[in-house]
There are 2 protein chains.
Amino acid sequence: MKVTINDVARLAGVSMKTVSRVINKEPSVRKKTYDIVMDAVKELNYQPNLAARNLAGTSSFTVGLVYDNPNAYYVIDMQNGVLSRCKDEGYELVIHPCTYTDTNMKDEFITMIKRSRLAGLVLTPPLSEQSSITNLLDELNIHYVRVLSGRPTDEDQDTCIYVNDYKAAYEITTHLLTHGHENIGFICGDKEHKSTSERLEGYKAALADHKTHFNSELVYDGKYSFESGVEGAKALLGDDNKLAITAILGGNDEMAAGALFASRLMGIDIPRQLSITGFEDSPFSRQTWPKLTTAHQANDVISQHAARLLFTKTRGARNQDKDIITSFTPSIVIRESSGPKQ
Amino acid sequence: MKVTINDVARLAGVSMKTVSRVINKEPSVRKKTYDIVMDAVKELNYQPNLAARNLAGTSSFTVGLVYDNPNAYYVIDMQNGVLSRCKDEGYELVIHPCTYTDTNMKDEFITMIKRSRLAGLVLTPPLSEQSSITNLLDELNIHYVRVLSGRPTDEDQDTCIYVNDYKAAYEITTHLLTHGHENIGFICGDKEHKSTSERLEGYKAALADHKTHFNSELVYDGKYSFESGVEGAKALLGDDNKLAITAILGGNDEMAAGALFASRLMGIDIPRQLSITGFEDSPFSRQTWPKLTTAHQANDVISQHAARLLFTKTRGARNQDKDIITSFTPSIVIRESSGPKQ
DNA sequence: TAGCTTATTGACAGCGCTGTCATTCTAACT
DNA sequence: AGTTAGAATGACAGCGCTGTCAATAAGCTA
């Protein structure tokens with residue numbers, strides 16, 4: 001039942017250490033030896049014991065995923081992406097949901113690290129935006145990869161995965177503009193989140209490029225929640241729509257769903273009288289009627305690449321993974337909630 | 001930086017083994033010794049190394065959470081519940097999302113077990129209902145605790161946590177009946193899920209107890225999805241509501257939200273013309289307008305107790321936890337989507 | 001107080017693996 | 001063939017802890 005490295009070594013007729021070299025893909029193993037060992041590994045269905053590897057080695061086979069995000073869909077996607085990569089590479093994942101406060105964060109991280117030495121952490125927004133956290137991790141000397149909303153920069157190429165919300169918002173706004181909309185409302189998410197400003201900037205840039213005047217009255221400060229989408233639509237469309245809004249860009253699907261809901265209650269026909277778009281392509285966007293035009297954000301793919309980036313960092317020079325994408329731009333998915341201005 | 005059991009032993013002036021006894025709460029340690037050791041533990045902020053414990057000991061400090069459930073809210077809640085308990089007890093959690101098929105399941109479990117020996121698994125519905133899985137685990141000799149929809153039985157008290165959907169459905173149906181509703185539609189979830197039949201049984205029992213005729217035409221077979229809630233409402237209320245339905249019981253919040261949405265599209269006033277209720281009290285139920293009356297299911301608490309039950313099993317006789325609840329009944333939360341029959 | 005039982009503690013091996021360093025083999029040279 | 005650099009392999013210690021079993025201390029009886 002329990003197969004150890006020794007069993008494999010015996011079957012392959014080599015030393016334990018050579019088996020170790022093979023499973024760790026270390027250089028200096030003859031092709032023939034490699035094959036013999038791999039055959040033995042397969043025959044015995046050998047799985048290296050993680051506890052032993054973590055204990056014996058200098059590097060660890062455990063990665064952590066840290067998040068402080070109320071969006072269950074997002075979290076699950078991120079988990080699944082990292083997890084799929086971990087499985088492939090023989091790593092184990094420790095998830096760490098938390099509530100960000102400077103004080104407890106440090107202790108929690110330290111406890112986490114002491115209990116199981118970590119290969120590194122994947123940080124997701126909004127935690128990844130906190131410099132106090134990255135400083136702390138630098139201080140504790142822990143590898144990490146950050147998933148961030150933003151435009152890629154030259155620095156940080158090896159520690160950040162960027163989600164180009166700016167560009168996506170630019171494109172979704174352009175989609176509306178080319179359909180003849182001019183007064184486009186924008187419902188913002190939390191001001192503290194980087195994605196909010198990125199999306200807003202993209203919206204503004206699109207307006208500017210299409211010589212459309214930016215009107216700050218058309219921007220509503222929401223909270224990335226369904227409720228705030230409802231409020232936003234009410235605020236923007238109130239007073240008999242005196243702002244003459246014909247389209248609303250929701251900062252995320254949840255708010256767009258709220259806006260859509262509120263609009264329908266007001267008797268507005270979507271998309272004939274009003275186009276509404278979301279952001280993220282979460283299940284929310286498919287649970288409205290009509291379904292939301294949105295920007296598809298492949299969170300599982302993004303987090304897979306985050307994991308890959310982390311692995312290359314921790315493995316040093318050997319086993320480099322060259323195909324890592326460090327910048328993603330959500331792609332527009334046009335559904336029934338948006339259309340030409342009538 | 002790195003504190004080991006030896007450092008604690010040295011500071012406390014005892015042997016390594018005595019420290020081990022203290023942190024494992026083994027009997028036969030003098031109170032005074034215990035205190036001295038604990039002081040040293042605290043002074044050094046010692047955290048036992050999980051890899052070493054897992055490697056050296058016969059029991060393991062890793063538990064797995066296995067699920068095949070598309071509901072992100074549910075999964076997150078379950079994770080958080082188990083996780084909070086793991087933290088307290090010094091266990092580590094390995095999450096294992098999967099897609100149930102007889103063939104791959106076995107291999108995946110075996111790989112999982114070989115990589116890191118497990119203290120046990122927490123199984124959630126619908127996987128927990130598959131006897132092929134429990135058989136497999138029995139065969140592999142792995143401890144497990146199942147979270148199940150159902151009424152508690154005498155057997156399985158030590159391996160199952162029951163969620164009494166029957167009773168909750170009974171109560172929610174009674175709520176509608178006492179408000180004067182007689183023709184109450186029911187939108188079922190997946191037929192394969194135990195919760196579906198439990199909820200349907202509860203609905204039927206309530207009707208019977210209130211001397212209301214059960215009409216199978218009022219039952220629609222859905223899929224626990226928003227979409228199927230939409231379809232369900234259309235089917236039940238179609239043809240000018242010839243069935244004279246005044247209330248619809250959704251098998252879960254997602255379907256209830258779909259039904260609510262569809263009803264509004266048909267121009268039906270909720271709750272005046274039609275009461276709609278959900279099940280689970282997921283965020284869905286608060287993202288509709290009006291908000292859904294539903295049955296609150298405390299998934300995080302449920303999964304906490306599942307973890308506790310698993311721990312007592314694996315720890316054998318010592319450290320028994322007597323306050324474990326093995327049966328939960330979701331409690332009705334009355335919101336605005338239901339009201340008296342007009 | 002001796003003599004016994006039982007409670008408490010410690011010494012030590014070893015869990016399954018990796019890092020270090022020594023050894024052996026290979027191949028490309030004189 | 002003899003030499004030698006470098007590639008390929010192996011022997012062995014030890015990661016931090018727990019299980020086993022032996023040693024000691026404490027508590028009890030007569």
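So that the names make sense, note that chain A is the first sequence line, chain B the second, and so on, each numbered from 1.
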Starting at [atom1] of [X] and ending at [atom2] of [N], how long is that distance when rounded to a whole Å?
X	N	atom1	atom2	answer
B:E26	C:dT8	CD	P	13 Å
A:K114	D:dC17	NZ	P	11 Å
B:I5	C:dA11	CD1	P	13 Å
A:I23	C:dT18	CD1	C1'	9 Å
B:N49	D:dC15	CG	C1'	8 Å
B:L50	D:dC15	CG	P	18 Å
A:N6	D:dG10	CG	P	12 Å
B:D35	C:dT8	CG	C1'	15 Å

Aromatic contact between B:Y67 and B:Y74, with the criterion being ring centroids under 6.0 Å apart: yes or no? no
B:R30 or B:G57, whichever maps to the more 5' nucleotide of DNA chain C: B:R30
Side chain to side chain contact (heavy atoms under 4.5 Å, CB included), that's the test. Do A:V94 and A:T62 meet it? Break it down for me. CA-CA 7 Å; A:V94 171; A:T62 303; 3.5 Å; yes
Among [options], which nucleotide has an atom closest to any side-chain atom of [X]?
X	options	result
B:P48	D:dT9, C:dT9, D:dC17	D:dC17
A:R53	D:dC17, D:dT9, C:dT18	C:dT18
B:M16	C:dG19, C:dC17, D:dC17	D:dC17
B:V14	C:dG16, C:dG10, C:dT18	C:dG10
B:K17	D:dT20, D:dT9, C:dC17	D:dT20

With a 4.0 Å cutoff (strictly under), does any side-chain N or O of [X] reach OP1 or OP2 of [N]?
X	N	result
B:S15	C:dA11	no
B:T18	C:dT9	no
B:T58	D:dG19	yes
B:S20	D:dG19	no
B:N24	D:dT18	yes
A:T33	D:dT9	yes

Do B:R21 and D:dG19 have a side chain to base donor-acceptor pair shorter than 3.5 Å? no
Taking side-chain contact (heavy atoms from CB on, under 4.5 Å) as the criterion, tell me which of A:N49, A:V41, A:L44, A:L11 meets it with A:V3. A:L44
Going by the angle between their ring planes, with limits at 30° and 60°, are B:F109 and B:H96 parallel, tilted or perpendicular? tilted
Taking any heavy-atom pair under 4.0 Å as a contact, classify A:Y46: base, sugar-phosphate, or nothing. sugar-phosphate
Which part of the nucleic acid does A:K2 contact within heavy-atom distance under 4.0 Å: base, sugar-phosphate only, or nothing? sugar-phosphate
Do the numbers put A:K313 on top of the ring of A:Y144, so that NZ or CZ is under 6.0 Å from the six-membered ring centre and no more than 45° off the axis? yes
Determine yes or no for a side-chain-to-main-chain donor-acceptor pair under 3.5 angstrom, with B:K114 supplying the side chain and A:Q47 the backbone. no
